[in-house]
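Just below is one structure, and these are the notes that go with it.
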Amino acid sequence: MGSVGAKEVPQLLNEAGRRIDGRGLEDLRALKIEAGILNRADGSAYVEWGDNKVMAAVYGPREVHPRHLQQNTKAIVQCRYNMAAFSVDERKRPGLDRRSQEISKVISEAFESVLFVEEYPRTSIDVYIEVLQANAGTRCAGIVAASVALADAGIPMVDLIPAVAVGKIAGKIALDLKKEEDNYGEADLPMALVPRSGRLVLLQMEGHMSRPELEQALDLGVKGCLKIYEVQKEALRARYAVRSTEAPEVAA
Amino acid sequence: MDLPSERVLVLPGDLIEDRGLRPGFGTYREDGHLYASVMGILSPRPPFMRVVPLAGPYIPQRDDVVIGVVQLVGPTYWLLDIRGPHFTPLHMTGTPWKIEYGECGEYLRPGESVIVRVEGVDAAKRVGVTMNGESLGKIEGGFIHEISPTKVPRVIGKGGSMIQMVQRATRTQLVVGQNGRVWIRGDDAGIQRVRSVLELIDMEGQRRGLTERVKGFLDSGALVYHGPEGASDGEAPGLTSNEA
């Protein structure tokens, strides 16, 4: 369905409604999260999500560099999203490019809206996201990792934020696109959610969707985020080897 | 044990039953409900519902005794690293010495350490410290070991029980700063054993039976700590999840 000129377009959806890797339209790729993997960082996390491998490290709150970015009433969140040269098929030229600058910016803003930044005036909370292996959805994997790393660092926040990309392949809305689906599909809609309030803190879209499709995609994305949220929480509990049983301490 | 027997782990965003208490550290109120804002152990202290964090930065508070390291010498002050978000100035009037303008460098040089007390923290979280007071002053000799600031209460123990036990067993003297720096004085073997104990507390501070573990380590006479026992087999350390 993609329009990629002479290139051969893979069949994204078979007759049985299965995707390239055998998943259904509403299935996530396998997700594994580990918290607290780096000793030098204040908080850290490692995420394997399908063929994505992403590491996040958090430092701070600490002095702001460069100084002129400092704000007198709150902390700033400085995120750096970076793809390793070996993370993609063809060598990626190292360093910041337009794409990673944009992603760094939107992720910083997503976190700034969930962290209690007013508690640390004149400081910076630095989040480093390193993509070691990429297979579509790395900004979402980065947010998932950074969110766990921030909680691991003990920085107060409203909630963990799970993220996932929803897309449109072969005319159907599908959850969590992999590389081929992202390249040859019709649309890609990465989103990050605050599960407690249902507030979206990141929403971008590439390609085309009709309004009903967008609504369907958002619903599917929220469902996916809630699944990821559970994996995030389990990773944090595993850090302190907690059994996730009993204790109905919650009220509602 | 200074924690209630049923210790409940909460994660950011977890709903907490407020039991009529007000939001304290590590919690926030929204739409009439109380939620956790950090990962930690639920610890109601009327009139506040608090979460004792398992990790986190050092946040200076009034009357904290902390160990600072001189970073920079000014004409009338030194800048100290007290592991807070910012360097903290120690003014020459905050010392027991009579110092002339520009002579600060003759008393404390970069890299030297001092025990200071936090005099106050203003609304912009600027911190003032002083070296005037009992058991404050320049640190000479010994070793400074750093642990997570959230583990400081575990190092001290209930009524100072843990610190006394360690001091007796290793024949050392300890000064624990609220910022997680511990000054150890003693012979080389004693210092090494205390460092190992501090590593143990840093790693296993949230587990049940910490005192017994520390006692076991000290009784074994070992010099080096080799990581938690049975931690890799997924054993539960006595924390319970807040999952409904």
Side-chain angles (χ1 to χ4, degrees), chain A residues 35-36 42-44 58-64 70 72-75 114-116 118-125 147-148 150-162 194-197 229-230 232-252, chain B residues 6-19 25-28 30-31 33-42 51 53-57 59 83-87 122-126 148-150 204-207 228 230-244:
Chain A
D42 296 323
S44 57
V58 169
Y59 293 82
R62 62 182 183 184
E63 298 248 1
V64 183
Q70 179 174 298
N72 278 327
T73 54
K74 61 172 193 168
V114 292
L115 298 176
F116 287 97
E118 309 78 25
E119 289 187 23
Y120 307 105
R122 302 180 297 122
T123 63
S124 166
I125 295 163
S147 174
V148 172
L150 282 160
D152 181 46
I155 295 171
M157 58 170 107
V158 172
D159 204 348
L160 296 168
I161 50 176
V194 182
R196 232 210 53 234
S197 56
Y229 185 49
E230 290 308 317
Q232 286 179 309
K233 292 207 285 191
E234 208 46 60
L236 285 167
R237 283 191 207 110
R239 169 108 159 89
Y240 293 95
V242 180
R243 52 174 196 270
S244 55
T245 51
E246 72 232 48
E249 277 290 312
V250 276
Chain B
E6 186 69 344
R7 294 188 292 159
V8 178
L9 182 87
V10 290
L11 300 174
D14 278 359
L15 185 62
I16 302 171
E17 193 191 352
D18 65 7
R19 304 178 204 164
F25 186 87
T27 65
Y28 66 97
E30 203 173 279
D31 305 328
H33 295 289
L34 205 59
Y35 301 95
S37 66
V38 295
M39 173 170 61
I41 291 157
L42 206 56
V51 173
L54 287 172
I59 305 301
R83 294 182 90 190
H86 301 280
F87 290 153
D122 70 9
K125 308 269 174 172
R126 269 183 287 260
S148 165
T150 53
E204 307 185 36
Q206 76 287 352
R207 305 179 87 184
S232 52
D233 59 9
E235 181 216 339
L239 291 178
T240 320
S241 152
N242 191 32
E243 276 294 274

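Per chain, numbering begins at 1; letters A, B, ... match sequence-line order.
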Show the numbers, then the answer: is there a side-chain contact (heavy atoms from CB on, under 4.5 Å) between A:Gln232 and B:Leu11? CA-CA 10 Å; A:Gln232 286 179 309; B:Leu11 300 174; over 6 Å; no
B:Ile59 versus chain A, the contacting section by heavy-atom distance below 4.5 Å: side chain
So which heavy atom on B:Pro85 is nearest to which on A:Thr123, and how close? CB-CG2, 3.4 Å
Closest non-hydrogen atom pair between B:Met39 and A:Ala151, with its separation: CE-O, 3.9 Å
Option that, when pairs with chain B are counted at under 4.5 Å, heavy atom only, ranks first among A:Val158, A:Leu160, A:Leu115, A:Thr73: A:Val158
Value rounded to 0.5 Å, distance of CZ in A:Arg196 from CG in B:Asp31: 7.0 Å
Hey, could you give me the CD/NZ distance between A:Glu118 and B:Lys125, rounded to the nearest 0.5 Å? 10.5 Å
So what's closer than 4.5 Å to chain B heavy atoms on A:Tyr229: side chain, backbone, both or neither? side chain
Proximal component of A:Glu119, with respect to chain B [non-hydrogen, under 4.5 Å]: backbone
Quick one: side-chain contact (heavy atoms from CB on, under 4.5 Å) partners of A:Ala153, sequence neighbours excluded? A:Asp42, A:Val58, A:Ile155
Who pairs with A:Arg122 by side-chain hydrogen bond (donor to acceptor under 3.5 Å, both in side chains), at least two apart in sequence or on another chain? none
Please identify, among B:Gly13, B:Ala36, B:Ser37, B:Gly56, the residue contributing the most non-hydrogen atom pairs under 4.5 Å to chain A. B:Ser37
Within the 4.5 Å heavy-atom criterion, are B:Pro57 and A:Tyr120 side-chain neighbours or not? yes
